[in-house]
Amino acid sequence: MCLGFIKQSISISQSIYLLLTEYNGTIMNTHLQPGKFVRLKGQPVDLPDFVLERYLGSFCWIRQQSWGNLVHWKVDVASIEGAQMG
């Protein structure tokens, strides 16, 4: 009985990556983390990068720094062109 528990624990720990990177059947992009700067597809070069506030499955909530903390824009993840690594 104890060995079954250990085997189940190992199985759970090996699956933790999938648990953290999958939400409702959608594989989550681990590069999209709160606080990162992102650009939208087709975003004009003179428009500053957006700050990623929240990422959940197929949607992100982004904002411009000048908008303040209470204004967010919900966008589809597919519209994100890239995230600044750092």
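Values reported hereafter were calculated over all heavy atoms of this structure, with side chains retained and with hydrogens, waters and symmetry mates removed. Remember, predicted model here, so these are calculated numbers, not experimental data.
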Side-chain polar contacts of residues 69-82 - donor-acceptor pairs under 3.5 angstrom, sequence neighbours left out - could you list them?
{"residue": "N69", "atom": "OD1", "partner": "R63", "partner atom": "NH2", "Å": "3.3"}
{"residue": "H72", "atom": "NE2", "partner": "N69", "partner atom": "O", "Å": "3.0"}
{"residue": "D76", "atom": "OD1", "partner": "A78", "partner atom": "N", "Å": "2.8"}
{"residue": "S79", "atom": "OG", "partner": "D76", "partner atom": "O", "Å": "2.6"}

- Message: Let me confirm one number: the CG-NZ distance from L52 to K36, rounded to the nearest 0.5 Å.
- Response: 10.0 Å
- Query: How far apart are the C-alpha atoms of I62 and R54, what are their side-chain angles, what is the distance that settles it, and do they pass the side-chain contact (heavy atoms from CB on, under 4.5 Å) test?
  - Reply: CA-CA 7 Å; I62 60 174; R54 185 175 176 208; over 6 Å; no
- F37 CZ to D49 CG distance, which is reported to the nearest 0.5 Å: 7.5 Å
- Message: To the closest 0.5 Å, what do you measure between CG (L32) and CZ (F59)?
- Response: 14.0 Å
- Task: May I have the step-by-step check of side-chain contact (heavy atoms from CB on, under 4.5 Å) for R39 and F50, ending in yes or no?
- Result: CA-CA 6 Å; R39 295 194 65 78; F50 289 90; over 6 Å; no
- Which atom of P34 lies closest to which atom of E53, heavy atoms considered: CB-O, 3.7 Å
- Please assess V51 against V38 for the test side-chain contact (heavy atoms from CB on, under 4.5 Å), listing each intermediate value before the final yes or no. CA-CA 6 Å; V51 178; V38 297; over 6 Å; no
- Task: Measure the CH2-CG distance between W61 and L56 for me, rounded to the nearest 0.5 Å.
- Result: 5.0 Å
